[in-house]
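Note that the numbering runs from 1 along the sequence shown for the chain.
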Amino acid sequence: MSKRTPTRPHLFKAYYNWCVENNGRTYIIILSHYPGVVLPPHVKQSEFTKLCIRPDAIVGYQEEEYGISFTTRFNGTSTNVYVPYGAIQALTDSVLEVDIHFVPEESYLEELKRQRMNILNQIEDDATIEASRPPKGKPHLTLVK
């Protein structure tokens, strides 16, 4: 059996376009630290981020092959945003009473595993480099009684 493509992009596009057609107040919940997510650093401080993606809140919305992109404002500053489909955890719309949570898919879980392994390897490399460096400053002795 051949490897199947993820369903999330197709489901997301269908639900989002339906919400837009019906003048909803659509938000997405994203995994902030998923590989490829482009958000301002102060927004990425928590594990999950809720973004308003209704047409009057964003500019230049594009549904791309691997994610969505648009421009929006954070604290009054216009910012480009990119969200891979794997980072999108849910689509909600309180006006239309929509609350869609996307199921985990193997290809997205593998991407997260690869990122975590890269982070762990980087931490190990940083610790090795730090341990091999001589201490900074002048040496000093402390009197212990």
Side-chain angles (χ1 to χ4, degrees), residues 1-140:
M1 182 159 98
S2 65
K3 190 173 181 179
R4 291 188 281 181
T5 60
T7 59
R8 190 174 306 183
H10 305 286
L11 295 173
F12 171 79
K13 291 173 188 178
Y15 281 114
Y16 177 70
N17 291 325
W18 181 83
C19 290
V20 170
E21 284 177 19
N22 290 285
N23 300 315
R25 295 180 141 317
T26 311
Y27 289 82
I28 55 174
I29 310 296
I30 66 166
L31 190 56
S32 305
H33 300 290
Y34 190 88
V37 170
V38 176
L39 291 171
H42 71 279
V43 175
K44 288 180 95 169
Q45 290 177 354
S46 63
E47 184 177 0
F48 295 98
T49 302
K50 184 176 183 178
L51 297 173
C52 179
I53 59 167
R54 65 179 195 259
D56 64 338
I58 61 176
V59 176
Y61 175 81
Q62 290 187 15
E63 293 173 342
E64 300 171 7
E65 185 176 359
Y66 298 105
I68 60 172
S69 63
F70 53 90
T71 302
T72 191
R73 297 181 88 64
F74 291 99
N75 296 332
T77 303
S78 183
T79 306
N80 294 324
V81 173
Y82 179 76
V83 181
Y85 290 117
I88 300 172
Q89 303 299 298
L91 180 139
T92 65
D93 194 310
S94 59
V95 172
L96 301 174
E97 298 178 352
V98 171
D99 191 21
I100 306 300
H101 293 261
F102 297 104
V103 297
E105 293 184 74
E106 190 62 34
S107 60
Y108 300 133
L109 293 173
E110 286 181 18
E111 185 65 32
L112 277 173
K113 287 178 191 173
R114 275 195 299 276
Q115 181 199 22
R116 287 191 178 124
M117 290 306 296
N118 289 341
I119 289 171
L120 289 174
N121 290 338
Q122 183 179 357
I123 290 170
E124 287 176 7
D125 291 346
D126 291 349
T128 304
I129 291 169
E130 193 62 35
S132 66
R133 289 185 183 151
K136 294 181 181 179
K138 295 170 69 176
H140 65 283

| request: Measure from the side-chain N and O atoms of Ser32 to the backbone N and O of Ser46, and report whether any donor-acceptor pair falls under 3.5 Å. | output: yes
| task | To the nearest 0.5 angstrom, please state how far the CD1 atom of Ile58 sits from the SG atom of Cys52. | result | 8.0 Å
| Is the backbone of Thr7 close enough, under 3.5 Å, to the side chain of Glu105 for a donor and an acceptor to pair up by distance? | yes
| Ile100 and Leu11: side chain to side chain contact (heavy atoms under 4.5 Å, CB included), yes or no, with the steps? | CA-CA 10 Å; Ile100 306 300; Leu11 295 173; over 6 Å; no
| query | Is there side-chain contact between Ile30 and Val37, with heavy atoms separated by less than 4.5 Å? | reply | yes
| query | Does atom OH of Tyr66 have more than 12 heavy-atom neighbours from other groups under 6.0 Å away? | reply | no
| said: Could you check whether any side-chain heavy atom of Glu63 comes within less than 4.5 Å of a side-chain heavy atom of Tyr85, counting everything from C-beta outward? | reply: yes
| task | Identify the two heavy atoms, one from Pro35 and one from Pro84, that lie closest to each other, and give their separation to 0.1 Å. | result | O-CG, 3.4 Å
Please table the atom pairs, donor to acceptor, closer than 3.5 Å between any side-chain atom in residues 75-83 and protein atoms at least two apart or in another chain.
{"residue": "Asn75", "atom": "ND2", "partner": "His42", "partner atom": "NE2", "Å": "3.4"}
{"residue": "Thr79", "atom": "OG1", "partner": "Thr77", "partner atom": "O", "Å": "3.1"}
{"residue": "Asn80", "atom": "OD1", "partner": "Thr71", "partner atom": "OG1", "Å": "2.9"}
{"residue": "Tyr82", "atom": "OH", "partner": "Gly67", "partner atom": "N", "Å": "3.3"}

Side-chain donor/acceptor pairs under 3.5 Å, residues 13-28, sequence neighbours excluded:
{"residue": "Tyr16", "atom": "OH", "partner": "Ile53", "partner atom": "O", "Å": "2.7"}
{"residue": "Asn17", "atom": "ND2", "partner": "Lys13", "partner atom": "O", "Å": "2.9"}
{"residue": "Asn22", "atom": "ND2", "partner": "Trp18", "partner atom": "O", "Å": "2.8"}
{"residue": "Thr26", "atom": "OG1", "partner": "Asp93", "partner atom": "OD2", "Å": "2.8"}

| task | Can you measure from CD1 (Ile29) to CD (Gln89) and round to the nearest 0.5 angstrom? | result | 9.5 Å
| query | Which pair of heavy atoms, one from His101 and one from Ala90, lies closest together, and at what distance? | reply | ND1-CB, 3.6 Å
| field | Smallest separation among heavy atoms of Tyr108 and Pro9, with atom names | value | OH-CD, 3.4 Å
